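Worksheet: one structure, shown below.
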Protein chains: 2
Amino acid sequence: MEHISIGDDIDGYDPAAYDRPSVTVDLVLLASIERQLHALLLRRDQSPQAGCWALPGGFVAIDESLDAAAARVLRDKVGMERAHLEQLYTFGAIDRDPRMRIVTVAYLALLRPEQMARAERAGRVTAATLVGDPLRACNGEGTDLSLAFDHRAILSVARERLRGKIDYSDLAFAFLPERFTLRALQDVHEAVLGTTLNKPAFRRKMLDRGQLVATGDREADASHRPAELFRVRDAAV
Amino acid sequence: MEHISIGDDIDGYDPAAYDRPSVTVDLVLLASIERQLHALLLRRDQSPQAGCWALPGGFVAIDESLDAAAARVLRDKVGMERAHLEQLYTFGAIDRDPRMRIVTVAYLALLRPEQMARAERAGRVTAATLVGDPLRACNGEGTDLSLAFDHRAILSVARERLRGKIDYSDLAFAFLPERFTLRALQDVHEAVLGTTLNKPAFRRKMLDRGQLVATGDREADASHRPAELFRVRDAAV
DNA sequence: AAAATAGTGTCTTTCAGACAGTATACA
DNA sequence: TGTATACTGTCTGAAAGACACTATTTT
């Protein structure tokens, strides 16, 4: 066999001749609940980092695209059939996993509250609250959770991505059911941005965008004046 | 050896037991020249896709981070020591390369005109102009170039990334020398966005941002009133 | 003086924040 | 009737587009 260094051109390169990184996908599964971002995590029961919390992930097979691998992990490890999935960033530091060299492609999945609740009931994953800056993950009692590997950095990049895109994209709707109130939409924006927003300005901006359709119906079970329900025009999201 | 399917947990997985994708980095090297974006490409002389133009790229070694691999490719394949490099997106379709399964992490490098000219003179790469929507790559005579693999899609994502970030980030300065006129800065914005901008509004916005420092010097060799030279405050970029 | 571009003053429009007010549900 | 929240009208200020105007250099 011809001797070719790793730096040589791809043409004529024998992929079996050298050690190569493995490729995985990791999923950041987020929902917006009560004006706070929540993420689904798995508790590690094996070394290394036993007791730490990790993102659901898995290897990318040779005959599987990255997007397909992300969808498969969502199905097999989280028990969810469909979600708004988009590629986030690829993490490839040499020592990010002590077991072997792994390059992981992180995906962002945006869930509705009832999707996250169903996944939690299935029992494989647990929701944590994402708070503060820099980001921390907390359990229901407000105790900080230790995150495995570089997963805290991955969660931070996910939140930054949301913050950068929520103003001009449709991603907020992926957190909401088909019909929702303007207050619920504003709650999503506030959860993502970590700030409070001006209500009249928010209403004007959303309505002027022409993307929302009033249904004429109103929310039920409110102990006060019920708000109107809207939906997204077309099949956006 | 225990039989473990590719979908199983990473713990206990033997990376040598299964075929795995290879990982490469590909570089999108852009400059803004005469109000147009230009990219550096390599002409392929081997099958497949001989005669097509490709992005400079190379395999990621087992002991090398993704960022380090991108810097190495920049050095070895383009002959450039340093540039503003940032990760763009990861492309992992199964059939994106007919030779083998390759997942490529695309990086974006922003060059100053003189950096691009020097790389071209070194002879390994050639500059193409990026025009139109959807994006096309043209040579100096305006003839369209065929791009190899999914490299046209990669270039498109790169241009979209620039368009999305130029308004609120510092990336425009990476296209400019240390001292530059406001007209040159506006030219960069117009090249990236593919539109013309309002001059007084652009000046106001840039100066009000407080990021520019007037040097008091003026450009030389203009056949008209010379413009003032500015630089970026601190060591941004 | 002519040509060309740099740089500015100002009008107008648009849009977001602030805040007070009205409307409508439940208790 | 009280209270809580939905929803709206309007003022104000910030910022962008349009456009005309002045300034300064070379030829």
Side-chain angles (χ1 to χ4, degrees), chain A residues 32-35 163-169 172 176-177 179-232, chain B residues 32-36 113 163-170 172-173 176-177 179-232:
Chain A
S32 165
I33 296 164
E34 286 170 359
R35 235 173 283 193
R163 288 180 175 176
K165 285 187 72 175
I166 196 167
D167 274 345
Y168 65 89
S169 80
L176 292 167
R179 288 146 51 99
F180 51 86
T181 65
L182 283 172
R183 179 73 242 178
L185 181 59
Q186 186 171 344
D187 283 345
V188 168
H189 278 74
E190 294 181 348
V192 167
L193 297 173
T195 61
T196 58
L197 298 171
N198 182 274
K199 185 165 75 159
F202 184 82
R203 289 182 64 89
R204 265 189 317 235
K205 188 163 64 170
M206 288 302 146
L207 293 173
D208 290 355
R209 198 171 281 181
Q211 208 173 173
L212 296 180
V213 182
T215 64
D217 296 340
R218 305 188 158 266
E219 62 181 336
D221 65 28
S223 71
H224 48 76
R225 174 174 174 180
E228 182 160 18
L229 292 167
F230 290 80
R231 60 177 182 79
V232 182
Chain B
S32 165
I33 295 163
E34 285 168 2
R35 235 172 285 193
Q36 286 201 302
R163 287 179 176 178
K165 285 186 71 173
I166 196 166
D167 273 345
Y168 64 88
S169 80
D170 295 341
F173 303 125
L176 292 167
R179 287 145 52 100
F180 51 85
T181 65
L182 282 170
R183 179 73 243 175
L185 182 58
Q186 185 171 346
D187 284 345
V188 167
H189 278 75
E190 293 181 347
V192 167
L193 298 172
T195 60
T196 59
L197 297 171
N198 183 275
K199 183 168 72 158
F202 184 82
R203 289 181 66 87
R204 264 187 316 232
K205 186 163 66 170
M206 289 302 147
L207 294 174
D208 290 356
R209 197 170 283 182
Q211 208 173 172
L212 297 180
V213 181
T215 63
D217 296 341
R218 312 193 148 262
E219 63 181 336
D221 66 26
S223 70
H224 49 76
R225 175 177 172 179
E228 182 161 17
L229 293 167
F230 291 80
R231 61 177 181 79
V232 182

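Lettering of chains follows the sequences in order, A, B, ..., and the numbering in each one begins at 1. Since this is a predicted model, take the numbers as computed values, not measurements.
B:Ala191 and B:Gln36 make their closest contact through CB-N, 3.6 Å (heavy atoms, listed as atom of the first residue, atom of the second, distance).
Formation of a donor-acceptor pair under 3.5 Å by the A:Glu228 side chain with backbone atoms of A:Ala214 is not found in this model. With hydrogens and angles disregarded, a donor-acceptor distance shorter than 3.5 Å links the side chain of B:Arg218 to the backbone of B:Pro226.
Within the 4.5 Å cutoff, side-chain heavy atoms of B:Gln211 are placed close to those of B:Phe173. The closest side-chain heavy-atom distance from B:Met206 to B:His189 is below 4.5 Å.
To the nearest angstrom, C1' of D:dG17 lies 12 Å from NZ of B:Lys205. Taking atom CG of residue A:Leu212 and atom P of nucleotide D:dC7, one finds them 12 Å apart after rounding to whole Å. Rounded to an integer number of Å, the gap from CD of A:Glu228 to P of D:dC7 is 6 Å. Nucleotide C:dG17 holds its P atom 11 Å from the CD atom of A:Glu190, rounded to whole Å. Atom pair B:Arg209:CZ and D:dA14:C1' shows a separation of 15 Å (rounding to whole Å applied). Between the CG atom of A:Leu185 and the C1' atom of D:dA6 there is a distance of 15 Å, given to the nearest Å. We find that CZ of B:Phe202 is positioned 16 Å from P of D:dA15, with the value rounded to whole Å. Atom P of nucleotide C:dA16 and atom CD of A:Gln186 are separated by 13 Å, given to the nearest angstrom.
Within the 4.0 angstrom heavy-atom criterion, base atoms lie near B:Arg203. Among the protein residues, A:Lys199 comes within range of the nucleic acid bases, having at least one heavy atom under 4.0 Å from a base atom. Residue A:Arg204 is classed as a base contact, given a heavy-atom separation below 4.0 Å to a base.
In the set C:dC19, C:dT8, D:dA6, C:dT8 carries the atom at the smallest distance from any side-chain atom of B:Pro200. With distances taken from any side-chain atom of B:His224 to the nucleotides C:dT5, D:dA4, C:dG7, the minimum falls on C:dT5. Closest approach to the B:Ala227 side chain among D:dA6, D:dG17, C:dA6 is made by C:dA6 (side chain taken as heavy atoms from C-beta onward). Closest contact between the side chain of B:Arg225 and the listed nucleotides D:dT24, D:dG9, D:dC7 involves D:dT24.
When the side-chain nitrogen and oxygen atoms of A:Arg218 are compared with OP1 and OP2 of D:dC7, one or more of them lie within a distance under 4.0 Å.
Each of A:Pro226 and A:Asn198 lies near DNA chain C, and the nucleotide nearest A:Asn198 is the one positioned closer to the 5' end.
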